[in-house]
Amino acid sequence: MSTADTLAAPPRPRPGGLAGETLALDPARPLHLARPAEQLTAAVVSIAWLRAQGDAVRAALEARHLTDDEAAHAAGLRLPKRRYEWLAGRLAVKHGVLAHGRRHWGRTGRTRDIRVGAVAHGLRAGQPLVNAPVDVGLSHSGDFAIAVCGPRPVGVDLEHERRMPPMLTSLLTAGDDRAAACADPDRRRLAGMPLPLRWACKEAVLKHFGFGLRIDPREVALHTWRDDHTYTWRPGPDLLRHAPSAGDVRPHGWARRIDGYFLALVWT
């Protein structure tokens with residue numbers, strides 16, 4: 001098997017599940033599949049691995065996995081960093097959708113048959129779309145791209161460990177004194193959540209609704225963070241105006257530190 005074939009087919013799943021059930025972020029592992037929740041399928045592609053293989057392998061992967069339109073778009077990305085990140089994201093979405101289809105519908109297929117697009121206009125511009133009966137979320141950070149698929153809207157955000165700028169620190173720590181003094185242990189635990197993880201939680205919520213940072217992250221007020229890594233949040237008035245359903249049933253939230261990164265998932 002050539003190096004370029006490494007991402008040709010994911011590992012064969014064992015009965016009742018996927019190979020690699022536990023979500024991990026390993027730069028040396030080209031593709032990793034996991035099941036972060038019963039109805040979700042995640043695919044992680046190592047950007048670090050892609051970069052290390054060089055342009056010949058990248059070109060072979062593009063030829064094998066991309067549609068003609070996607071290949072043309074990739075060819076127009078002049079910055080190598082952007083091209084590797086973009087390819088990693090496409091590979092993560094395609095492999096995630098195929099793995100989800102095998103697991104839930106018993107379907108097989110080719111990555112080239114999965115077309116990845118995005119909402120073109122409006123407040124949800126950029127929200128990823130695929131030609132399959134599944135919703136997808138996508139995030140890049142540092143050495144990784146991660147895609148998560150589910151039967152209903154899903155949001156995912158990945159953040160590498162970094163020092164937050166003062167303005168974001170002020171935004172993210174607002175209310176910490178009240179949380180730390182609260183009788184509810186899950187509220188107190190929130191006061192100790194790392195700042196990059198708080199940011200990931202907010203962005204995952206906004207991505208779930210398709211808005212991303214077109215809506216002010218202050219519209220997502222984090223409320224609790226439990227021992228099982230689930231978190232709760234409350235919508236602000238502007239988020240409710242654009243997504244009234246957020247006032248009725250809150251999507252599930254899950255957030256934790258994994259292998260030096262901070263990951264948040266939101267799904268309905």
Side-chain angles (χ1 to χ4, degrees), residues 36-42 100 118-130 133-139 146-159 164 167-256 262-268:
E38 178 59 34
Q39 63 268 54
L40 300 182
T41 303
H100 193 80
V119 175
H121 306 290
L123 205 56
R124 291 181 171 85
Q127 182 181 16
L129 302 171
V130 294
V134 65
D135 283 279
V136 298
L138 176 63
S139 186
I146 180 169
V148 180
C149 309
R152 289 173 292 279
V154 59
V156 57
D157 192 59
L158 182 68
E159 299 287 337
M164 305 300 285
M167 185 173 67
L168 277 185
T169 298
S170 176
L171 182 155
L172 294 169
T173 56
D176 270 8
D177 291 343
R178 292 191 300 275
C182 186
D184 182 348
D186 295 331
R187 283 282 288 152
R188 292 200 305 272
R189 191 166 186 267
L190 178 64
M193 179 186 274
L195 298 188
L197 190 55
R198 300 189 202 192
W199 179 260
C201 289
K202 288 173 174 280
E203 192 161 355
V205 170
L206 295 176
K207 286 183 173 182
H208 171 274
F209 292 106
F211 303 137
L213 295 179
R214 289 179 176 82
I215 295 289
D216 192 326
R218 287 175 293 187
E219 290 294 308
V220 179
L222 303 182
H223 186 61
T224 62
W225 187 38
R226 303 186 179 104
D227 287 338
D228 62 359
H229 307 292
T230 59
Y231 71 93
T232 61
W233 56 277
R234 293 174 176 168
D238 195 45
L239 178 55
L240 281 173
R241 182 166 65 88
H242 293 289
S245 62
D248 301 323
V249 178
R250 304 284 154 72
H252 305 288
W254 178 93
R256 66 174 300 178
F262 299 95
L263 177 67
L265 298 174
V266 175
W267 71 98
T268 304

S.K.: With side-chain contact (heavy atoms from CB on, under 4.5 Å) as the criterion, how do Trp199 and Leu172 come out once you've worked through the C-alpha distance, each side chain's angles and the decisive distance to 0.1 Å?
M.R.: CA-CA 7 Å; Trp199 179 260; Leu172 294 169; 4.1 Å; yes
S.K.: Heavy atoms, side chains only, cut-off 4.5 Å: are Trp254 and Leu263 in contact?
M.R.: yes
S.K.: Over all heavy atoms of both residues, which pair between Leu265 and Pro36 is shortest? Give the atoms and the distance, please.
M.R.: CD1-CB, 3.6 Å
S.K.: Could you state the interatomic distance from CG (Leu213) to CG (Leu206), rounded to the nearest 0.5 Å?
M.R.: 6.5 Å
S.K.: With rounding to the nearest 0.5 angstrom, report the CZ to CD distance, Phe211 to Glu203.
M.R.: 14.0 Å
S.K.: To the nearest 0.5 Å, what is the distance between CD on Gln127 and CZ on Phe209?
M.R.: 11.0 Å
S.K.: Taking all non-hydrogen atoms of both residues, which atom of Leu190 and which atom of Thr224 are closest, and how far apart?
M.R.: CD2-N, 4.1 Å
S.K.: Heavy-atom distance under 4.5 Å between the side chains of Ile146 and Val156, does that happen here?
M.R.: yes
S.K.: Which of these, Val130, Val134, Leu40, sits in a side-chain contact (heavy atoms from CB on, under 4.5 Å) with Cys149?
M.R.: Val134
S.K.: So does Arg214 have more than 12 non-hydrogen atoms from other groups sitting under 6.0 Å from CZ?
M.R.: yes
S.K.: Run the side-chain contact (heavy atoms from CB on, under 4.5 Å) test on Asp186 and Trp225 for me, step by step, so that the C-alpha distance in whole Å, both residues' side-chain angles and the decisive distance to 0.1 Å come before the verdict.
M.R.: CA-CA 5 Å; Asp186 295 331; Trp225 187 38; over 6 Å; no
S.K.: Under a plain distance cut-off of 3.5 Å, with no hydrogens placed, do Thr232 and His223 share a side-chain donor-acceptor pair?
M.R.: no
S.K.: Can Thr268 and His252 be counted as having a side-chain donor-acceptor contact under 3.5 angstrom?
M.R.: no
S.K.: If the threshold is 4.0 Å, N to carboxylate O, is there a salt bridge linking Arg241 and Asp238?
M.R.: yes
S.K.: Which atom pair, heavy atoms only, marks the closest approach of Cys201 to Ala255?
M.R.: SG-CB, 3.4 Å
S.K.: Within 45 degrees of the axis of the six-membered ring of Trp267 and under 6.0 Å from its centre: does Arg152 put its NZ or CZ there?
M.R.: no
S.K.: Are any of the side-chain nitrogens in Arg226 or Asp228 under 4.0 Å away from the carboxylate oxygens of its partner?
M.R.: no
S.K.: Would you name the heavy atoms of Val136 and Val154 that are closest together and state the gap between them?
M.R.: C-CG1, 3.7 Å
S.K.: Provide the closest heavy-atom pair for Ala264 versus Ala204 in the form atom of the first, atom of the second, distance.
M.R.: O-CB, 3.7 Å
S.K.: Donor-acceptor pair, distance only, cut-off 3.5 Å: does the side chain of Lys202 make one with the backbone of Leu222?
M.R.: no
S.K.: Apply the test side-chain contact (heavy atoms from CB on, under 4.5 Å) to residues Leu195 and Thr169: give CA-CA distance (whole Å), side-chain angles for both, the deciding distance (0.1 Å), then the verdict.
M.R.: CA-CA 7 Å; Leu195 298 188; Thr169 298; 3.8 Å; yes
S.K.: Rounded to the nearest 0.5 Å, what's the gap from CD on Gln39 to NE2 on His100? Could you check?
M.R.: 9.0 Å
S.K.: Return the minimal non-hydrogen interatomic distance between His242 and Leu123, and the atom names on each side.
M.R.: ND1-CD2, 3.4 Å
S.K.: Taking side chain as C-beta onward, heavy atoms only, is Glu159 less than 4.5 Å from Ser139?
M.R.: no
S.K.: Quick check for you: to the nearest 0.5 Å, what is the distance between Asp135 atom CG and His208 atom NE2?
M.R.: 8.5 Å
S.K.: Atom CZ of Arg256 and atom OG1 of Thr230: how far apart are they, to the nearest 0.5 Å?
M.R.: 12.0 Å
